[in-house]
Q: 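One structure, pasted below without further comment.
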There are 2 protein chains.
Amino acid sequence: MTLTFEERRQMAQDTYAAYLAECPARQLLDMFSTKWTTLVLYQLNDGPLRHSELRRRIPGASQKMITETLRSLERDGIIVREVKQVYPAHVEYSLSPLGESMLPIFSQMKIWAEQNMAEVERNRAAQAGG
Amino acid sequence: MTLTFEERRQMAQDTYAAYLAECPARQLLDMFSTKWTTLVLYQLNDGPLRHSELRRRIPGASQKMITETLRSLERDGIIVREVKQVYPAHVEYSLSPLGESMLPIFSQMKIWAEQNMAEVERNRAAQAGG
DNA sequence: CTGTATCCTCTAAGATACTG
DNA sequence: CAGTATCTTAGAGGATACAG
């Protein structure tokens with residue numbers, strides 16, 4: 001039987017999607033690409049923080065997103081959730097060793113961004129102007 | 001006048017959104033977070049490529065997304081678009097120096113991913129199992 | 001305080017058709 | 001070959017109310 005170009009392309013897509021799903025770098029990108037992951041990790045870099053403190057430090061995030069981000073990072077073993085049995089009881093989140101091993105990636109991205117995003121901005125502006 | 005907590009939080013969100021919009025690292029993350037940016041850059045790392053060649057190498061991407069990604073990267077000055085005036089005429093895309101300066105970030109992410117994503121996977125699986 | 005649950009919106013991305 | 005235009009869809013994220 002004959003397949004149309006689009007049918008063949010669809011098959012390629014499916015195969016490729018499966019391949020992508022297994023690509024470690026792609027998975028890492030997916031972790032980063034959720035809006036609040038990096039901000040939460042960045043805050044936890046300073047030390048353990050409570051849910052409420054995270055909300056205060058990341059006022060742009062809704063409670064839902066804080067919770068979802070924390071759950072996701074916890075599932076991945078990037079952060080550790082610990083219930084402090086003091087009065088009043090509270091919950092603390094901190095980086096796991098695995099989480100700490102990600103920090104150099106952030107610094108490198110930060111450095112590149114600080115050195116080069118201005119040029120990117122200029123390029124964008126230049127396009128807009130003419 | 002008195003503001004409710006949510007009103008104050010909304011103001012904080014707006015302020016924070018403005019702050020975030022100016023954060024270079026956040027802008028870089030936004031560039032990476034579109035689905036195809038890194039894949040296109042990764043392909044161009046090997047040398048200049050034509051539109052059709054990019055489609056072949058990234059079969060998961062629709063033509064629209066290839067075009068949009070290329071336009072976006074071109075606007076930012078990350079890649080260069082060049083019309084080759086030979087017969088038959090075609091278009092070539094290549095990394096600019098600015099684009100090449102991003103490559104170390106990719107390698108570092110790739111290395112971390114290859115070394116650690118398996119553990120992340122195990123952590124996820126452990127949660128699912130019990 | 002630390003969350004869950006629900007509903008809603010908005011946008012990235014896909015499907016499809018068409019053009020120089 | 002190298003695109004543009006339009007319609008549709010899936011899912012991330014926000015608003016809000018409620019619960020242990």
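Throughout, protein chains are lettered first and strands after them, A, B, ... in sequence-line order, and every chain is numbered starting at 1.
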Q: I need the CG-P distance between A:D30 and C:dA12, as an integer number of Å.
A: 16 Å
Q: Looking at D:dC1, I'd like to know if its phosphate oxygens (OP1 or OP2) sit under 4.0 Å from a side-chain N or O belonging to B:R50.
A: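 The answer is no; no side-chain N or O of B:R50 sits under 4.0 Å from OP1 or OP2.
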Q: Please tell me which of the listed nucleotides, C:dC1, D:dG3, C:dG3, lies nearest to the side chain of B:V91?
A: D:dG3
Q: If you measure only the distance, is there a donor-acceptor pair under 3.5 Å linking the side chains of B:S72 and B:T69?
A: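 Side chains of B:S72 and B:T69: no pair found under 3.5 Å.
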Q: Return no unless some side-chain N or O of A:Y87 is found under 4.0 Å from OP1 or OP2 of C:dC1.
A: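 Looking at the OP1 and OP2 atoms of C:dC1, neither is under 4.0 Å from any side-chain N or O of A:Y87.
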Q: Determine whether the side chains of B:S94 and B:R81 contain a donor N or O and an acceptor N or O closer than 3.5 Å.
A: no
Q: How long is the straight-line distance from NZ of B:K35 back to CD1 of B:I58, given to the nearest 0.5 Å?
A: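 Between atom CD1 of B:I58 and atom NZ of B:K35 there are 12.5 Å.
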Q: Return the value, rounded to whole Å, for the distance between atom NZ of A:K64 and atom C1' of C:dC8.
A: 10 Å
Q: Compare side-chain N and O positions of A:T34 against OP1 and OP2 of D:dA12 and report whether any pair is under 4.0 Å apart.
A: no
Q: What is the distance, to the nearest angstrom, from the CD atom on B:Q63 to the P atom on D:dA2?
A: 10 Å
Q: Reckon B:R55 has a side-chain N or O less than 4.0 Å from the OP1 or OP2 of D:dA2?
A: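 No, B:R55 has no side-chain N/O under 4.0 Å of OP1/OP2 on D:dA2.
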Q: Could you work out which one of C:dA13, C:dT2, D:dG3 sits closest to the side chain of B:H51?
A: D:dG3
Q: C:dT4 phosphate, OP1 or OP2: any side-chain N/O from A:R71 under 4.0 angstrom?
A: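 For C:dT4, OP1/OP2 do have a side-chain N/O of A:R71 under 4.0 Å.
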Q: Looking at A:R71 and A:E74, is any side-chain nitrogen of the basic one under 4.0 Å from a carboxylate oxygen of the acidic one?
A: yes
Q: Using atom CG of B:L70 as one end and atom C1' of D:dG3 as the other, report the distance to the nearest whole Å.
A: 11 Å
Q: Would you mind reading off the distance between A:E92 atom CD and C:dT2 atom P, rounded to a whole angstrom?
A: 10 Å
Q: Can you check the B:I58 CD1 to C:dG14 P distance for me, whole Å?
A: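 Atom CD1 in B:I58 sits about 12 Å away from atom P in C:dG14.
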Q: Rounded to whole angstrom units, what separation is found between the CD1 atom of A:I79 and the C1' atom of C:dT2?
A: 14 Å
Q: Any carboxylate oxygen within less than 4.0 angstrom of a Lys/Arg side-chain nitrogen, looking at A:R122 and B:D76?
A: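 Salt bridge between A:R122 and B:D76, a charged N being under 4.0 Å from a carboxylate O: no.
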Q: Do the side chain of A:E68 and the base of D:dG13 come within less than 3.5 angstrom through a donor-acceptor pair of N or O atoms?
A: no
Q: Can a side chain N or O of B:S52 be found less than 4.0 Å away from OP1 or OP2 on D:dA2?
A: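 Yes, within the criterion.
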Q: What integer distance in Å separates A:E82:CD from C:dC1:C1'?
A: 17 Å
Q: Ignoring hydrogens and geometry beyond distance, is the side chain of A:K35 in donor-acceptor contact with the base of D:dG13 at under 3.5 Å?
A: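 Per atom types, no contact qualifies.
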